[in-house]
Participant: 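Encoded as C-alpha cells, here's the structure I'll be asking about.
In what follows, chains are A, B, ... by sequence order, proteins preceding strands, each numbered from 1. Worth knowing before you read on, the calculation uses all heavy atoms, side chains too, and leaves out hydrogens, waters and symmetry mates.
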Amino acid sequence: MSELAKTYDPSAIEPKWYKTWLDEKAFHAEAPAPDAPEQNPETYSIVIPPPNVTGMLHMGHVLDNTLQDICIRRARLEGKLTVWQPGTDHAGIATQTKVERIVRETEGKTRRDLGREEFLKRVWAFREENGGIILNQLQRLGASCDWDRTSFTLDPHYAKAVLRSFVELYKRGYIYRGRRMVNWCPKSLTALSDEEVIMKPQNGWLYKMRYELVEASTGLDGVHRTHLEISTTRPETLMGDSAVAVHPDDPRYAHLIGKCVWRPFPRAQIPIVADKAVDIAFGTGCLKVTPAHDRTDFEIGQRHNLPVIDVLNPDGTLNALAGAEFDGMDRFDARKKAAAKLEEMGLLVEREKYSNNVGFSERADVPIEPRLSEQWFLRYPKVEEAKRAVTSGAIKFFPQRWEKTYLHWLENIQDWCISRQLWWGHRIPVWYRKGVSEAERDYANPMHVHVSENGPADPENWDQEEDVLDTWASSNLWPFANFGWPDFEGVTRKEFDLFYPTNVLVTSFDIIFFWVARMIMSALELVGEAKESLTDEEIARRVPFRHVFIHSLIRDEQGRKMSKSLGNSPDPLDLIARFGADGVRFGIVNIAPSGSDIFFSEPRIEIGRNFSNKLWNASRFRQMSGPVGDNQSLQAICARIDPARLDLFDHWILSRMVETSAAVERVFETYEMQAMTQALYAFFWGDFCDWYVEASKAKLQGEAAQTTLAVQDLVIRQTLLLLHPLMPHITEELWHQLGYIAEGQQFIQQTRIPTPQALKDALAKVGASIDDTAAATAQNINEMIGKLRSMKADYNLGSRRDVKFQYVADDAKAAIVEEDKDTILRLAGAATLDRANAQPEGAPAGITPLCTAYLDLLGSVDVEAERVRLSKELEKLDKAIAGAKARLSNEKFVASAPAAVVQGAKDQMAANEEKKAEIERLLASFQS
RNA sequence: GGGCGCAUAGCUCAGUUGGUUAGAGCGCCUGCCUUACAAGCAGGAUGUCACAAGUUCAAGUCUUGUUGUGCCCACCA
C-alpha cells in the first residue's frame, strides 16, 4: 500500500488492471467439471449484441456495453457463475460495401472484376486486419466479456448452426422460393427486407398528365371526356404502364371500364380497369398502373392479369423497353426527360410541389425500387408463441411499454425476404440440378433442387445458389448457436443447460424487429424438438432470454441522431483518454434516462471523472488518517468497532449505507440504472464526504479513532462493492490499496457483496446495531450546522472561523448540543457556542431543530435587514401552518387519511407553530 | 391514417403505491487555496410542475380533453 497520488490518473490504473484481469482469466467461466462438487451453480449469462466486425466504437456501444457490464459484474459479486458472450457480426452489406469501395479506390476494380473467390479473400483479409479493433475498444472500456468465447458469425461452428437452421426451416415448410415484389437497392444491387427500408419525406413534384381516350365519350356525370387526367410522382415509369385503374363505383368513369386509353410513349393502347384499391378522392381518381414498379400496382396487375413491363435495369437506369431515347438513362434524369416530353406533347397539365414518403435503402441511402424478382422467403415460425412468450411473462421488457411495439409488429408480420444478392455471408445451402432451366425447375422435386447442410453427394452435377442469407437470418441464432446448438457435444450440453436461456438482452429499441423478435421466434422453433405448437412451459424453456432491457438512443445536444456525416459523434476513446473509462461509464449511465432519448453533453460526462476523483481522494484521506487495520472481511472490520464508542454520526452514516445498498439492489429489478448513479453519488459525496468525514475529523485524534476508522472502512468497502459494476478499474485499485483484498483472493469480484440485511446482521453481531433514533438526531445536528453556516453567510462572515454563537434550548436538546459541540463548532466554523437562558440582546437568530441559535455580532447587527429576513421566514411558516390547519380542520381528512399521515401533519404543525412563536418573539424584540 | 412517448428551475433531468414547505447536477451570484479533493468547500437566487376540466379529505403524481413536441408503424398515386 503506497501513498495515493493527489489527483486520480486513470491512464495509469485502468490498462494495468484490465491486463491483469485478462492474464488471470478473471472473466472466464465454464460449466463445472464432472467431478466438481457443485454441479448446478446459480448462473448468469448475457450475449453481447454483436457489433459489426469492421465497426468502430461509438457512444451507443459505450452505453450498451456499460449497461451489460454492470449487470455482469454485479452478478459476479452476487456469487453467480457468470458468462458474457462476446463476438462480432459479419454484417453482410456493410462490410461488403466497405471492401468494394477500398478495392475500387486502391485497384480501380469492381468485385465482379475480381470474381467471387478472389473478392471474398479480400474481405477476409480486411476482416483479419480490422476485425479485432472494436473488441479491443470494448476492452479499453472495461467490458468483462469472456474473451475465450469470442465468436464470429462466419466461424465454422456458427456457420454450421446457420446451415442447420436453414435446412430445418426449409424442411418444416417455413422457407420457400417465390417471385414477388421486393425492395431493391439499385446501389447495392440486392433485395432488402422491409425493415431495411427507411421512409423519408421527400420534396418533389406531383405531375398531372393526360392520357388520351381511344374513344371519347360522355359519363354519367354528363361530362364529355377526350382524356383522362392522372397524377403521378414518377413519370419516368409510365413506359411501364399497362393499365389505368379507376374505382368501380366512381360515376365519372364507370362507363369507361373495359375501354382503353393511349399510353403516350411508347404509344400503345392500355385498358381501363376497375379496382377498389383506387382512392376516389385522390386527385382525379384515376391511377396509372405500373405493375413492375409499384407494390399496389403490382397487386392490381395480378387481379387483372396485366402484363408486367419492367423498364428499369437493376442499377436503376432505364432499359430498352422504355424506348431508345431512355435506354441507359438514370432514373432521375429520365424523370425530368419524361416530364419534358409530356409537356412537348401537350399532355402535361400541371406540375405542383409535392412532399411524399420515399423508401430509402438503410445502408446505401438511395431510394429503393420495388422490383419483381425471384427470392427466398421465410414465413415466420412460432409467431403465436412469440406473442405468448411476452404476454405470459416468460419474457419481460424493461421498460414494459416496448412490449406493445413488439406485439404490434408481430400482429402485422409479413414474410421475410432472406436472400441477398451479395457474396459476403452465408451462402444459401441450396443446389440446382445442372441442365434444368429455371423455367422448368420444380422446387418439390429433389432431382431438381437439393437442400442440405453438406451439399449433394455428386457436386459436379449441381450448381449452388449464388445468393447469401440476410445477415439477420444468421444473427438471430446468436443466443443458442454460441452455447453449442445444434450439435451439443460433451461439456457444451452442460453449458447450454447452465447458461441458456440468457438472463437479459441489453439493446436499443431500433433493433426490436431486426433482431429481438427474430431471435425469439427462431429460438422457439429451433431449440428443442420440432413441434407444431408449444405450451407455456415449453415456451419458457425455449426463449433466448428472460428480460429485454431496452435503453435509449444517444443523440447530440440538439437532439439529432449521431452520424458520421454530421460529425457530431464524439470519439469514445478520446473521452476515455480524458476522463477515464470509469468516468465515461459513470457519466453516460448518469445521463441515460430509462424512458426517452439521451442528449449527449460532454460537461455531463465530466461528472463521472469528478466522481472518480472524489472517490480517490476520500480513499486517500482514509489512508492518511491512520493505519489500515484488518479490512479483509466484513466481519473483520465489524470486529474493530467498539459499540460503546459509536456516536450519532456513525449510526447515521451506517443507516444511510444500508439504505443506499437497498436502493442499488432495487435498481437491478427494474434496470433503472440512472437511479444507481444518483443514489451512489448522493450517498458517497453528499452524505459520506460532505458530512460524515468532516464530522469525524475531530474524533480521529481521540479515543474513538479506531472505531471511527472502522466505520469509514466499512462504508468505503460497501461503496466500492456497490460501485464496482459501474466503475470497475478504480474500485479494483482502491480495493487493493486499502487492504480489502482477502487472503488468497486476487480481485474485488471474488467478494460477495453483502445484502442490506447482511450488513445489519454483521453489525448486530458485534453489538453495534444501527440506532435509528441516533441517526435521526445526527440529521438534526446536520440541519443545525447548516443553519449556523447560513447565518454566518448572511452577515458576510462565511469565511470567518472565530464567530461566536449562543443558543437557547430545553435540557434534553441542550444535552445533545453539548455532547457534540466540538463537531458543531468545527463544521459550522465557529469559536464558541454557549447555552444562554434567554435571548441575547439584539442578536440575529435562527431556528434549528435542536435550538434557537444567536449570532453574536458584537452589537453591530443591522436591525432592518434582520427584520426582513425573519419576516420572510415567518411568511413561509404561515403558509405551511395555514395549509396544515385547513387539512386538519377537515373532518374527512382526519377520518379517511392514514393515521400516520394525520399524525405527521399534526407534528409538523406543532413544530411550525413553535417556530413561529419563536420568530414572532424575536421580531418583537427588534421593535423595541 | 394508426400507435407509443414526452412537457417539472436558465440547461439536462429525478420525483416510488396520490400524503409535510417539489429535488439533483450543470450554469449563475457571494465568500473561501479551511492540510483528502479548486476535478474542491460553504452559502444563495430562480418553479402559476404546458393548458383546461374532473375524481379525491388530499393531485407534479390518477381520468378526460386541448396545445406543443419527438419517435415508431402504414401501398394515397
Participant: Name the nucleic acid region contacted by A:R295, choosing base, sugar-phosphate or nothing; use a 4.0 angstrom heavy-atom cut-off, strictly under.
Facilitator: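 It contacts nothing in the nucleic acid.
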Participant: Give a yes or no on whether the ring-centroid distance for A:Y8 and A:W616 is below 6.0 angstrom.
Facilitator: yes
Participant: Hey, does A:E694 reach any base, or is it just sugar-phosphate, or nothing, if we go heavy atoms under 4.0 Å?
Facilitator: base
Participant: Between B:G25 and B:A45, how far is it from one P atom to the other, in whole Å?
Facilitator: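 Roughly 15 Å separates the two P atoms.
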Participant: If you check every side-chain atom of A:R604, which of B:U12, B:C37, B:C57 has the closest atom?
Facilitator: B:U12
Participant: When the P atoms of B:G43 and B:A7 are considered, how many whole Å apart are they?
Facilitator: 31 Å
Participant: With a 4.0 Å limit, can you tell me whether A:N610 has a side-chain N or O closer than that to the phosphate oxygens OP1/OP2 of B:G40?
Facilitator: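 For B:G40, OP1 or OP2 has a side-chain N or O of A:N610 closer than 4.0 Å.
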Participant: From the set B:C75, B:C71, B:G25, return the single nucleotide nearest to any side-chain atom of A:R555.
Facilitator: B:C71
Participant: What is the separation between atom NZ on A:K792 and atom P on B:A42, rounded to the nearest whole Å?
Facilitator: 12 Å
Participant: Just compare B:C13, B:G5, B:A36 and give me whichever is closest to any side-chain atom of A:Q674.
Facilitator: B:C13
Participant: Compare side-chain N and O positions of A:K614 against OP1 and OP2 of B:C41 and report whether any pair is under 4.0 Å apart.
Facilitator: yes
Participant: Can you measure A:L553 atom CG to B:G70 atom P for me and round it to whole angstrom units?
Facilitator: 16 Å
Participant: Applying a 3.5 Å limit to both distances, which nucleotide forms a Watson-Crick or G-U wobble pair with B:C28?
Facilitator: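 Its partner is B:G44 (Watson-Crick or G-U wobble, both distances under 3.5 Å).
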Participant: Does A:Y207 place a side-chain N or O at less than 4.0 Å from the phosphate oxygens OP1/OP2 of B:A77?
Facilitator: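 For B:A77, OP1/OP2 do not have a side-chain N/O of A:Y207 under 4.0 Å.
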Participant: Taking atom C1' in both B:U8 and B:G31, what distance in whole Å separates the two?
Facilitator: 31 Å
Participant: Using a cut-off of 4.0 Å on non-hydrogen atoms, how would the nucleic acid contact of A:K208 be classed: base, sugar-phosphate, or nothing?
Facilitator: nothing
Participant: Does A:S790 place a side-chain N or O at less than 4.0 Å from the phosphate oxygens OP1/OP2 of B:A42?
Facilitator: no
Participant: Base, sugar-phosphate, or nothing: which does A:L287 touch, judged by heavy atoms less than 4.0 Å apart?
Facilitator: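 Since a base atom lies under 4.0 Å of A:L287, the category is base.
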Participant: Quick one, which residues of residues 193-200 of chain A touch RNA chain B with a heavy atom under 4.0 Å?
Facilitator: none
Participant: I want to verify a distance call: between B:C41, B:A39, B:G43, whose nearest atom is closest to the A:D690 side chain?
Facilitator: B:C41
Participant: Which of the following nucleotides, B:U34, B:C13, B:A74, is nearest to the side chain of A:F599?
Facilitator: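 Of B:U34, B:C13, B:A74, B:C13 is nearest to the side chain of A:F599.
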Participant: Taking atom P of B:G5 as reference, at what distance in whole Å does atom NE2 of A:H551 sit?
Facilitator: 19 Å
Participant: For B:A38, does either OP1 or OP2 sit under 4.0 Å from a side-chain N or O belonging to A:K6?
Facilitator: yes
Participant: B:A36, B:A77, B:U34: which one has an atom nearest the side-chain heavy atoms of A:V278?
Facilitator: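 Output: B:A77.
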Participant: So which nucleotide from B:G5, B:A74, B:G43 ends up closest to the side chain of A:N357?
Facilitator: B:A74
Participant: Is the phosphate of B:C41, meaning OP1 or OP2, less than 4.0 Å from a side-chain N or O of A:W685?
Facilitator: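 Answer is yes, contact under 4.0 Å.
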Participant: Give a yes/no answer on whether the side chain of A:K404 brings an N or O atom under 4.0 Å of OP1 or OP2 in B:C73.
Facilitator: no
Participant: Using Watson-Crick or G-U wobble geometry with both distances under 3.5 Å, which nucleotide pairs with B:C6?
Facilitator: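 With both distances under 3.5 Å, B:C6 matches B:G68.
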Participant: Would you measure the distance from the P atom in B:U17 across to the matching atom in B:U63 and give it in whole Å?
Facilitator: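 Comparing P positions in B:U17 and B:U63 gives a spacing of 12 Å.
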Participant: Nearest whole Å is fine: how far is B:C75 P from A:E369 CD?
Facilitator: 16 Å
Participant: Tell me the interatomic distance from A:R622, atom CZ, to B:C37, atom P, rounded to whole angstroms.
Facilitator: 17 Å
Participant: Just the rounded figure in Å: distance from C1' of B:G5 to CZ of A:F397.
Facilitator: 16 Å
Participant: Counting only Watson-Crick pairs (N1-N3 plus N6-O4 or O6-N4) and G-U wobbles (N1-O2, O6-N3), all under 3.5 Å, who is the partner of B:G54?
Facilitator: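 By the stated definition (distances under 3.5 Å), B:C62 pairs with B:G54.
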Participant: Can you tell me how far P in B:G60 sits from the matching atom in B:G23, rounded to whole Å?
Facilitator: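 B:G60 and B:G23 have their P atoms separated by 13 Å.
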Participant: When you match A:A905 and A:R826 each to their closest nucleotide on RNA chain B, which lands nearer the 5' end?
Facilitator: A:A905
